[in-house]
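Each remark here refers to the structure printed beneath this line.
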Amino acid sequence: MRALISVILLGMASVLAIISPAVAEYPEKPVSFVVPFPPGDLEDVLTRMIAEEFQTMYGVPAAVVNKPGGGGGPFPGAAEVAGAPADGYTIGSFVVDVPLVGPYVGIPALNPDPFEPVGIFLTYPFVIAASKNAPYQNMDELAAYSQDNKLLLGHFGSFLIPTQVTMALGEKNGTRYYSNAAFDALDCNTLASGDADVINTTLQLILPCMDKVNVLATVTSERIPLVPDSPTVGELEPSLNIALWNGLFVHKDTPADVREKIAAAAKKAMASEAAQKLAAETGAGVYWKNAADSAAQIAADGVVAEAIAKFAE
């Protein structure tokens with residue numbers, strides 16, 4: 001009797017194995033890397049390299065989806081990633097502001113912070129720039145000029161750390177901005193058209209017109225080799241010393257093996273000749289920092305960000 005029951009159970013197990021679908025190994029379908037800014041800047045270019053490497057390594061389509069948020073900066077795009085399933089098929093390519101500022105901008109999907117880093121891959125050559133023919137060539141001259149003239153500051157979002165750093169530096173050195181406005185793109189045309197007098201942007205976006213643009217300061221931990229005469233904000237005010245970075249993020253519930261596969265593609269892409277050439281040409285830092293080290297970086301930057309916010313009050 002026992003033998004008969006064993007045979008029956010074995011047969012049932014065999015049938016169930018045949019009719020039950022096998023658990024698919026990640027990835028088995030297209031993957032999206034969400035960049036919450038327009039195409040063209042460093043995070044977009046490098047994320048496309050990662051997507052291409054991911055596609056090559058795993059044999060599934062991988063695409064970058066740009067989700068610019070206008071005055072909302074990266075936060076609307078980040079909220080879309082937060083609302084996607086935690087399965088690794090929607091990956092966020094985010095600036096430092098998403099984990100540090102996102103929980104406080106009033107978007108429920110971002111509070112509490114729903115993300116964890118897969119890794120950081122880019123340090124921006126972020127700058128404070130103006131037209132070369134403007135009647136000020138450094139931050140002190142800008143401050144003096146602003147006392148009797150109206151200046152508009154262009155930025156990617158008032159909540160963002162580069163904007164907060166610039167505002168805080170203005171409080172320190174006496175620069176008065178008559179107004180400020182958020183732009184989806186801040187490049188040569190922004191200054192040439194007069195849409196803004198001073199802009200927060202990355203060096204990448206103004207490289208085509210460097211003969212017409214003056215970099216007043218850089219929001220970097222060290223001077224950018226391509227503009228070695230431009231001081232860092234930290235040199236001008238040590239308490240505001242912070243660099244801007246971009247990394248890959250997934251929902252906290254995303255499985256570990258999925259994260260590892262994303263990280264493997266990103267690490268390989270950032271070590272490529274194309275990625276390192278871009279770093280040399282733009283002054284950007286291009287590398288791969290693992291999840292644990294990235295989490296530590298976020299924690300350390302959070303302390304500085306709090307100081308910057310208090311400085312700007």
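In this text the structure is predicted, and so the values were computed from the model without any measurement.
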For this session: Say whether L248 and V65 are linked into one hydrophobic cluster, either directly or through other cluster members, by side-chain heavy-atom distances under 4.5 angstrom.
Result: no

For this session: Start with the C-alpha gap between D301 and Q297, add the side-chain angles, then the distance that decides, and say whether side-chain hydrogen bond (donor to acceptor under 3.5 Å, both in side chains) holds.
Result: CA-CA 6 Å; D301 286 347; Q297 179 75 59; 3.1 Å; yes

Exercise. Is the F94 to F115 ring centre distance short of 6.0 Å?
Worked result: yes

Exercise. For K212, does the NZ atom sit with more than 12 other heavy atoms under 6.0 Å from it, leaving out its own atoms?
Worked result: no

Problem set entry | Full working for side-chain hydrogen bond (donor to acceptor under 3.5 Å, both in side chains) between Y124 and T220 | CA-CA 8 Å; Y124 288 93; T220 54; over 6 Å; no

For this session: Please test D44 against N66 for side-chain hydrogen bond (donor to acceptor under 3.5 Å, both in side chains), starting from the C-alpha separation and ending with a verdict.
Result: CA-CA 8 Å; D44 178 70; N66 296 93; 2.9 Å; yes

For this session: Return yes when atom CD of Q55 has more than 12 non-hydrogen atoms of other residues, nucleotides or ligands closer than 6.0 Å, and no otherwise.
Result: yes

Exercise. Looking at A284 and L42, what are the two nearest heavy atoms and their distance?
Worked result: CB-CD1, 3.7 Å

For this session: For residues V198 and I128, determine if any side-chain heavy atom of one lies less than 4.5 Å from a side-chain heavy atom of the other.
Result: yes

For this session: Return yes when atom NZ of K277 has more than 12 non-hydrogen atoms of other residues, nucleotides or ligands closer than 6.0 Å, and no otherwise.
Result: no

Problem set entry | Verdict with supporting geometry, D195 and T190, side-chain hydrogen bond (donor to acceptor under 3.5 Å, both in side chains) | CA-CA 5 Å; D195 289 341; T190 311; 5.8 Å; no

For this session: Would you confirm whether D187, through its side chain, and I206, through its main-chain N or O, come within 3.5 Å as a donor-acceptor pair?
Result: no

Exercise. Within the distance-only criterion (no hydrogens, no angle test), does the side chain of Q147 pair as donor or acceptor with the backbone N or O of G174 below 3.5 angstrom?
Worked result: yes

Problem set entry | Heavy-atom side-chain contact between L46 and V286 under 4.5 Å | yes

Exercise. Is the shortest distance from a Lys or Arg side-chain nitrogen in E53 or K268 to a carboxylate oxygen in the other one below 4.0 Å?
Worked result: yes

Problem set entry | Exercise: identify the closest heavy-atom pair between T254 and R259 | O-NE, 2.9 Å

For this session: Of all the heavy-atom pairs spanning S146 and L151, show the shortest one and how long it is.
Result: CB-CD1, 3.5 Å

For this session: Check whether any side-chain heavy atom of L160 sits under 4.5 Å from a side-chain heavy atom of H155, and report yes or no.
Result: no

Exercise. Hey, is the main chain of G157 close enough, under 3.5 Å, to the side chain of T163 for a donor-acceptor pair?
Worked result: yes

Exercise. Counting N and O atoms only, with roles assigned by atom type, does the side chain of S179 sit under 3.5 Å from a partner on the main chain of L152, one being a donor and the other an acceptor?
Worked result: no

Exercise. What is the distance from atom OG of S294 to atom CZ of F121, rounded to the nearest 0.5 Å?
Worked result: 10.5 Å

Problem set entry | Side chain to side chain, L203 and T282, heavy atoms closer than 4.5 Å | no

Exercise. Got a second to check how far E222's CD is from T232's OG1, nearest 0.5 Å?
Worked result: 9.0 Å

For this session: Treating Ile, Leu, Val, Met, Phe, Trp and Tyr as nodes and any side-chain heavy-atom pair under 4.5 angstrom as an edge, say whether L236 and L240 lie in one connected cluster.
Result: yes

Seminar exercise, completed: d(L153 CG, D197 CG) to nearest 0.5 Å is 9.0 Å

For this session: Just do the side chain to side chain contact (heavy atoms under 4.5 Å, CB included) check on I199 and L191 with the steps written out, would you?
Result: CA-CA 8 Å; I199 60 175; L191 291 174; 3.9 Å; yes

For this session: To the nearest 0.5 Å, tell me how far R48 CZ sits from S93 OG.
Result: 10.5 Å

For this session: Find the distance between OG (S239) and CD1 (I308) and round it off to the nearest 0.5 Å.
Result: 8.0 Å

Exercise. Do the rings of F249 and W245 sit parallel, tilted or perpendicular, given the 30° and 60° boundaries?
Worked result: parallel

Exercise. Hey, does I120 have a side-chain heavy atom less than 4.5 Å from the side chain of N246?
Worked result: no

For this session: Evaluate the criterion side chain to side chain contact (heavy atoms under 4.5 Å, CB included) for residue pair L100 and I161; output intermediate values, then yes/no.
Result: CA-CA 9 Å; L100 293 189; I161 287 175; 3.8 Å; yes

Exercise. Below 4.5 Å, heavy atoms only, C-beta onward: do V258 and D87 meet side chain to side chain?
Worked result: no

For this session: Examine distances only and state if a side-chain atom of Y145 and a backbone atom of P135 form a donor-acceptor pair shorter than 3.5 Å.
Result: no

Problem set entry | M270 backbone acceptor or donor facing Q276 side chain under 3.5 Å | yes

For this session: Check the pair L244 / T123 against side chain to side chain contact (heavy atoms under 4.5 Å, CB included), numbers first and verdict last.
Result: CA-CA 6 Å; L244 290 307; T123 299; over 6 Å; no

Exercise. Hey, is the main chain of D113 close enough, under 3.5 Å, to the side chain of K252 for a donor-acceptor pair?
Worked result: yes

Seminar exercise, completed: All heavy atoms of I298 vs all of P117, minimum pair found to be CD1-CG, 4.1 Å

Exercise. Is it true that V60 and V34 fall in one hydrophobic cluster, defined by side-chain heavy atoms closer than 4.5 Å?
Worked result: yes

Exercise. Between L216 and Y136, which heavy-atom pair has the shortest distance, and what is it?
Worked result: CD2-O, 4.4 Å

Exercise. Looking at side-chain heavy atoms only, is the closest gap between K29 and Y89 below 4.5 Å?
Worked result: yes

Exercise. Among side-chain atoms of T202 and D41, is any donor-acceptor pair under 3.5 angstrom?
Worked result: yes

Exercise. Does any N or O in the side chain of N214 come within less than 3.5 Å of the main-chain N or O of A130, such that one atom is a donor and the other an acceptor?
Worked result: no

For this session: May I ask you to test the V31-F54 pair for a side-chain heavy-atom distance under 4.5 Å?
Result: yes

For this session: To the nearest 0.5 angstrom, please state how far the CD atom of E171 sits from the CZ atom of R176.
Result: 10.5 Å

For this session: Take Y26 and Y58 through the test ring-ring contact (aromatic ring centres under 6.0 Å, His included) and record every step on the way to the result.
Result: CA-CA 9 Å; Y26 175 87; Y58 303 119; 7.2 Å; no

Problem set entry | Contact summary for P38 and E43, nearest pair of heavy atoms | O-OE2, 4.3 Å

